[in-house]
2 protein chains.
Amino acid sequence: MNEAWQRQILAESGNGRISDQQIVDKIRRAVLTQRLPPNTRLPEGALGDIFGVSRSVVRKALTRLDAEHVVSLAPNQVARVRAPNIDETRDTFVARRLVEGEVVALLAGKLTAAQLADLEKMVAGEADAYRRGDEGARIEQSLRIHHLLAELSPNRVLGSILTDLILRTSIVIALYRRDGLASCYLEGDHPRLLAHLRAGEAEAARGAIVDHLNALERLMDLGSRDASIDLMEILGGRRVG
Amino acid sequence: MNEAWQRQILAESGNGRISDQQIVDKIRRAVLTQRLPPNTRLPEGALGDIFGVSRSVVRKALTRLDAEHVVSLAPNQVARVRAPNIDETRDTFVARRLVEGEVVALLAGKLTAAQLADLEKMVAGEADAYRRGDEGARIEQSLRIHHLLAELSPNRVLGSILTDLILRTSIVIALYRRDGLASCYLEGDHPRLLAHLRAGEAEAARGAIVDHLNALERLMDLGSRDASIDLMEILGGRRVG
DNA sequence: TGCAAAAAAAGTGTATACACTTTCTGTCGA
DNA sequence: TCGACAGAAAGTGTATACACTTTTTTTGCA
């Protein structure tokens with residue numbers, strides 16, 4: 001189909017031999033930024049050519065990406081960029097609220113001054129990007145904040161589960177984002193969270209992150225397209241709204 | 001080292017060609033039952049010979065097992081059965097209490113009669129194995145109950161996270177189990193949980209599973225060996241107790 | 001004897017070849 | 001015109017070869 005690919009999209013570094021982990025990173029990032037949209041075919045041979053490695057290396061990278069839920073792999077089928085449906089999206093948000101809520105509750109009052117300063121800086125950077133109107137930078141900065149929280153989690157198991165859930169929600173946000181409301185910035189959410197973390201108010205911190213994630217979820221278009229509508233399209237029906 | 005391996009341990013089926021997923025299952029099960037103890041070396045060539053496949057297939061299986069936290073893979077090093085330390089064990093239990101608690105809360109009052117009957121049968125089987133004194137069968141049955149709960153989770157994302165956490169806690173239980181108390185059966189825990197699920201008492205169900213997991217964790221030997229003791233051994237110190 | 005360097009062995013990393021499967025494409029008949 | 005079928009093309013599955021790295025063993029010297 002669209003084999004008018006991607007030398008650009010997966011911009012090759014040109015220099016020394018690339019590792020499978022670097023391939024994982026590049027594909028993950030391309031999916032996250034929607035330069036590789038859902039269902040895009042990812043044939044091993046083509047990827048190998050692009051990155052200048054053989055299929056062995058590509059296969060390892062794809063197996064990893066499958067485990068991270070970024071691509072889907074089925075026997076004898078070409079790998080594809082994963083396309084989570086609405087139900088899975090909702091489930092992912094539920095899971096993330098549970099886990100991220102617990103992580104920030106554990107974190108409340110336990111952060112060092114340096115760690116708080118790092119977070120502070122990122123929150124400021126996010127607000128700044130918003131004021132500049134640089135939506136891309138704002139999203140990037142916001143993601144970094146959440147990833148840092150996951151990394152700081154005193155419970156490493158919950159931390160790595162959270163890292164995975166942040167990635168998965170980010171992918172579906174990019175996918176289901178209401179176009180008009182793309183830049184609706186949830187002002188004040190992150191500063192509020194930070195204040196509770198600093199004050200050691202565990203339950204308030206949990207509440208803040210849960211509210212934030214609820215608001216994020218509401219920015220998406222989850223109500224209007226559901227399974228029945230897909231079915232209508234397949235059967236040649238007409239969309240109502 | 002111990003290359004007096006395993007044709008027995010990973011009992012080959014003998015018949016038709018084996019798939020990488022089957023290899024994953026066999027190794028996982030061998031780890032779970034401690035026929036492959038922590039840190040056991042798993043060279044690709046040896047595994048390939050045992051299963052009658054080439055290293056390509058084995059590599060894929062090992063990559064998957066790495067993602068499931070069953071083995072650990074490092075560049076240019078032989079794969080090894082993973083050996084979680086005490087801190088990770090504690091963290092895994094915390095995570096599992098959080099996730100399994102939420103899953104059973106979601107499940108309360110939502111199970112069909114058939115699903116409840118299935119659970120009932122397993123709980124009865126567990127009690128029966130206990131009465132017979134068949135510890136292996138009892139553990140097997142108990143594991144099955146928890147895996148079924150994960151599978152029934154209405155939230156599939158939480159369900160698959162739970163599946164992973166059940167596996168990880170099972171491995172560490174096998175690893176850190178106090179030898180004398182191995183067969184201390186937590187009588188009544190599962191029937192109690194089931195009653196709450198049937199009655200639709202979400203918070204009581206959550207409480208029951210959390211209590212159950214706390215009791216499970218207490219069966220282990222987590223206090224007595226910690227990092228400092230390992231260090232002492234390395235430095236030639238003498239154990240205190 | 002002890003220990004360090006060299007050699008051998010064991011093992012992983014990766015490219016490649018070929019068998020097999022799936023998907024696409026174009027042709028022929030109703 | 002349309003569907004079914006054959007053949008070609010695209011793609012995955014797996015074994016194998018060889019380069020490179022790590023670990024173990026041996027050797028030789030103080």
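What's counted below: heavy atoms across the whole structure, side chains too, no hydrogens, waters or symmetry copies. Residue numbers start from 1 in every chain, and the chains themselves are labelled A, B, ... in the order their sequence lines are given, proteins ahead of strands.
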Practice prompt. Please state how far atom CG in A:Asp20 lies from atom C1' in C:dA15, giving the value in whole angstrom units.
Written response: 15 Å
Worksheet item: With a 4.0 Å cut-off, would you call B:Arg97 and B:Glu217 a salt bridge?
Response: yes
Worksheet item: Among the nucleotides C:dT23, C:dT12, C:dG13, which one has an atom lying closest to any side-chain atom of A:Gln77?
Response: C:dT23
Discussion item. Using whole Å, what does the distance between atom C1' of nucleotide D:dA10 and atom CG of A:Leu42 come to?
Written reply: 15 Å
Practice prompt. Send over the distance from A:Glu44 CD to C:dT23 C1', rounded to a whole Å.
Written response: 16 Å
Practice prompt. Classify the side-chain pair A:Thr169/A:Arg96 by whether it contains a donor and acceptor separated by less than 3.5 Å.
Written response: yes
Worksheet entry | Check against side chain to side chain contact (heavy atoms under 4.5 Å, CB included), A:Leu148 and A:Asp118 | CA-CA 9 Å; A:Leu148 181 55; A:Asp118 280 352; 4.2 Å; yes
Practice prompt. Under the side chain to side chain contact (heavy atoms under 4.5 Å, CB included) rule, what do A:Arg138 and A:Glu135 come out as? Steps first, then yes or no, please.
Written response: CA-CA 5 Å; A:Arg138 212 221 80 232; A:Glu135 181 67 4; 3.1 Å; yes
Worksheet item: Where the side chain of A:Ser56 is concerned, which of C:dG13, C:dA15, D:dG13 is the nearest nucleotide?
Response: C:dA15
Response to the item:
note: A:Phe51, atom CZ; C:dA15, atom C1'; distance rounded to Å ~ 18 Å
Worksheet entry | Out of D:dG11, C:dG11, D:dT22, whichever nucleotide has its closest atom nearest the side chain of B:Pro43 | C:dG11
Worksheet item: Below 3.5 Å, does any donor atom in the side chain of A:Arg55 face an acceptor in the base of D:dG13, or the other way round?
Response: yes
Item to complete: Take A:Arg156 and B:Glu88 through the salt bridge (charged side-chain N to carboxylate O under 4.0 Å, His left out) test and state the conclusion after the steps.
Response: CA-CA 7 Å; A:Arg156 298 304 311 133; B:Glu88 182 177 339; over 6 Å; no
Practice prompt. Give a yes/no on whether any side-chain N or O of B:Ser54 is located under 4.0 angstrom from OP1 or OP2 of D:dA15.
Written response: yes
Worksheet item: Nearest-Å distance, CD (A:Gln21) to P (C:dT14)?
Response: 12 Å
Item to complete: Using atom CD1 of A:Ile23 as one end and atom P of C:dG13 as the other, report the distance to the nearest whole Å.
Response: 14 Å
Worksheet item: Which nucleotide, D:dT12, C:dG11, D:dA15, lies nearest any side-chain atom of A:Arg59?
Response: D:dT12
Worksheet item: Of A:Ala74 and B:Pro75, whose closest DNA chain D nucleotide lies nearer the 5' terminus?
Response: A:Ala74
Worksheet entry | d(CG, A:Leu62; P, D:dG13) in whole Å | 10 Å
Worksheet item: Can you tell me how far C1' of C:dT21 sits from CG of A:Leu73, to the nearest Å?
Response: 15 Å
Practice prompt. Respond yes when some side-chain nitrogen or oxygen of A:Arg41 is under 4.0 Å from OP1 or OP2 of D:dG11, and no when none is.
Written response: yes
